[in-house]
Every structure is written in structure tokens, then in C-alpha cells.
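Counting starts at 1 for both ligands and their atoms, following the listed order. When a residue number appears, it is its place in the shown sequence, counting from 1.
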Amino acid sequence: MQALILAGGKGTRLRPLTVYTPKPVVSVMNRPFLVYQLEILARAGITDVTLSLSYQPDKIEDVIGDGSEYGVKVNFVTEPSPMGTAGAYKFAANAEGGTTVVLNGDILTDVDINHVIECHRGRKADATLVLARVDDPSRYGLVETDADGNILKFLEKPKPGDLSETSVNTINAGIYILEPSVLGLIPEGENHSFEYNVFPAILEKGLKFNACILETEYWRDIGNPESYLQAHLDFLDGKIKGFDLPASGASEIATAASVDDRSLLAEGCVVKPNAKVINSVLGPGVHVEEKAVVENSVIWGHSRVGSHVEMDGAVLGRGCYIGKNAAVRPGTVLGDKASIPDYSKV
Ligand code: GDD
Ligand code: MG
């Protein structure tokens, strides 16, 4: 069994974090995001992994390397121009064939991939989609099934009018098991979408289209800042199990400072007297000056938080500077090297 990770999107909804860092390798709990996907594949014994790239491919290759650190063998395929989700699969799959596990490169889950493969094989499906239940399906691909798990309808990014006609809350979780029969539905060398083209075509052609619904597993698309921050808060809350999270590195924490047990600090951080770090994740070399309070936040490496700053529910990119006495309020997201003047309220 082989796997393909679709990691070529531009990550526009996660801007400004993705301006210099492509979405597949943004740091989550101080590790490149894709590592969580490589680990669930490795855990299922799937070691032959292709990364399908398009946007800033070199940066992704540099971070992931050959995959051996994560127990897999990674092969990189870069499209000359973005070919869409299905076009990317066709482009990468030509040389391979065989049953393939396909993952959207921005979903965080602890699902057991072998369980999904069993569900696929047990039902002799041409294609199996994993479904998640969400409160608001409008941002996703809405999927209707019958009681036996056959997919009856696929509607990408349903409009309010579509939603008023359905009470379905199951959506495409971005994890597919595909047989080579699906490849035949995708034109060669063209931009093509699973969601808008291939899934409707599977239904039209009457191929066996199967669903496997997540009930207890964790699932989240980390593709916007709010969700990206929430993934960290969920990790800190212990809601996501089974991953080897890094331990906090060696940092200089003043005796009069307080860093709670939940927070994760990479190496080389400095937390000055009477500063507080609560329920937060700090990348390498972050400085928190006297009497600053950082709570429920994620700060990338080498950023500096000035004295008396109050920060809650924020995400800061790499090398940011927050001037003294500033208030950084929930929902704030700053790109790399942002500089906020003293006393600002953002
Ligand atoms: N190689 C390649 N080439 N990858 C691509 C391309 C492309 O042209 N376009 C998108 N991708 C990758 C993205 O990098 C991402 O990992 C994945 O495909 C999905 O794209 P998103 O842009 O994140 O899509 P979405 O979140 O709006 O919707 C998708 O995911 C939802 C679940 O999170 C759809 O599959 C929905 O149906 C689904 O519910
Ligand atoms: Mg997404």
C-alpha cells in the first residue's frame, strides 16, 4: 500500500503564517505539521509516501528530507503548475498504480488508517472517503450516505440554500482510499478536482463509493488561523492522542517567572522575572520580558514579547516584536517579523 499527500495548495486562508512557510510544514507543537501525517501512515505500516507539491516545494523538501526520521520513505513530486487535487493524484500516480491512501495535507487526525483500509476492502469499494461530523458543513464537502455507508451525494462547499434542504452533518475529512479504477476518471495533464469533478463522476458512473465515518477519533483541518490555534489548545488539553510530542527544551526561566506545566517551550527561550506563560506554545529562542503575560497563544521562533504585554489567544509568526505594554487580543495573527509599537492594542 502506498500513500499520497496532497500538499501543493497555497495555504491562502492560513496567511500571513504561510507567506514564508508553506502550510504543510507550519509548526504545530513545535514540529512541522506533515510529521503528524507521516506518523499515522507509519503506524499503519504504510512507508511508501509521495508528497505532491506545487507551492514552495523546496522548503517542504528541506524540512521533511527523505522521511527516514519519521519511519517512512518520502518521494517528492512537484507539478509544473497547480493541477488541482485529482490532477495532482493523476500526475503523481502514473508511475505507481495500485491502491492508494490519499490525504489532504492539512488535516490533523489520530485515525487508524488500517481501520479505514479494512472498511474499504470489506466493502470491495472503488473509493472510500472518511467522513467527519461537523456543526457547519458549509466550509467542507458535504457527503450524504445510506444506512450501509454507500455515498449517495457529494456537494463541495454547499451554499446556504443547499444546507436548508438537508440535515446531514457528515463531511469529507480529506482521507481517501482509491483503487486504480478511479484514475480512469481523471484526464491526463489537466487541472482536475476530486471534489468538483471526480467524486460526482464516481456517483454518475455507478462505481462502488463507500464511506467510513469517524465517531471517536480526533479530526481537524488546520487551514485557517483559528483552527491552527485550536489544534494547539487541543494538544495542550490532551485531546489528541498517540503522537510523540517534543519535550520542552533547555530555557532560561527566571525564578520569579511562572510557566505552567501545560505550556511547551522549545530550546533557548528566555522568560524574565514576573512574566507568566500559560497554556501556550513557544518556538525556539522566544523572549518574554518582565511582567508580560502570554496565555493561550502560539509564538514562533525568535519572537520577543516586551515587558507588561498582555497577550491572549494570539498567533505570532517568526521573529515578531511586541513593544512594551501592548495588548494583543484574541484572534490576533501576525506574520513573520511583525513589529508592534509600545502601548498598542491589536
Ligand atoms: N499538489 C496539489 N496540487 N495539492 C493541492 C492542490 C494542487 O493543485 N490544490 C489543493 N491541494 C492540497 C492542499 O495543499 C490541501 O492539503 C488539500 O489539497 C486540500 O485543499 P484545501 O484548499 O485545504 O481544501 P479545503 O480545506 O477547502 O477543502 C478540502 O478539505 C476539506 C476537509 O478539510 C476538500 O477536500 C473538502 O471536501 C473537505 O471537506
Ligand atoms: Mg483544507
How are the rings of Y36 and F235 set relative to one another: parallel (under 30°), tilted (30 to 60°) or perpendicular (over 60°)? tilted
Please list, in chain and residue-number order, the protein N/O/S atoms closer than 2.8 Å to the Mg ion (ligand 2). D106 OD2, D221 OD2
With R139 via side-chain contact (heavy atoms from CB on, under 4.5 Å) - residues at least two apart: N224
side-chain contact (heavy atoms from CB on, under 4.5 Å) filter on P187, not counting sequence neighbours, yields E190, H192
Name the residues in contact with ligand 1, where contact means a heavy atom under 4.0 Å away: which are they? L6, A7, G8, G9, R13, K23, S52, E79, P82, M83, G84, T85, A88, N104, G105, D106, I107, Y140, G141, F154, E156, K157, N172, Y176, E195, W219, D221
Mutual orientation of the aromatic rings belonging to F209 and F199 [parallel < 30°, tilted 30-60°, perpendicular > 60°]: tilted
T99 side chain to R121 side chain, donor-acceptor N/O pair below 3.5 angstrom: no
Only one of K324, K276, K272 clears salt bridge (Lys or Arg N to Asp or Glu O under 4.0 Å) with E289; which? K272
Below 6.0 angstrom between ring centroids: does that apply to Y228 and F33? no
With no hydrogens and no angle check, just 3.5 Å: does a side-chain donor-acceptor pair link N114 and E118? no
Is it the case that S193 and E195 place a side-chain donor and acceptor less than 3.5 Å from each other? yes
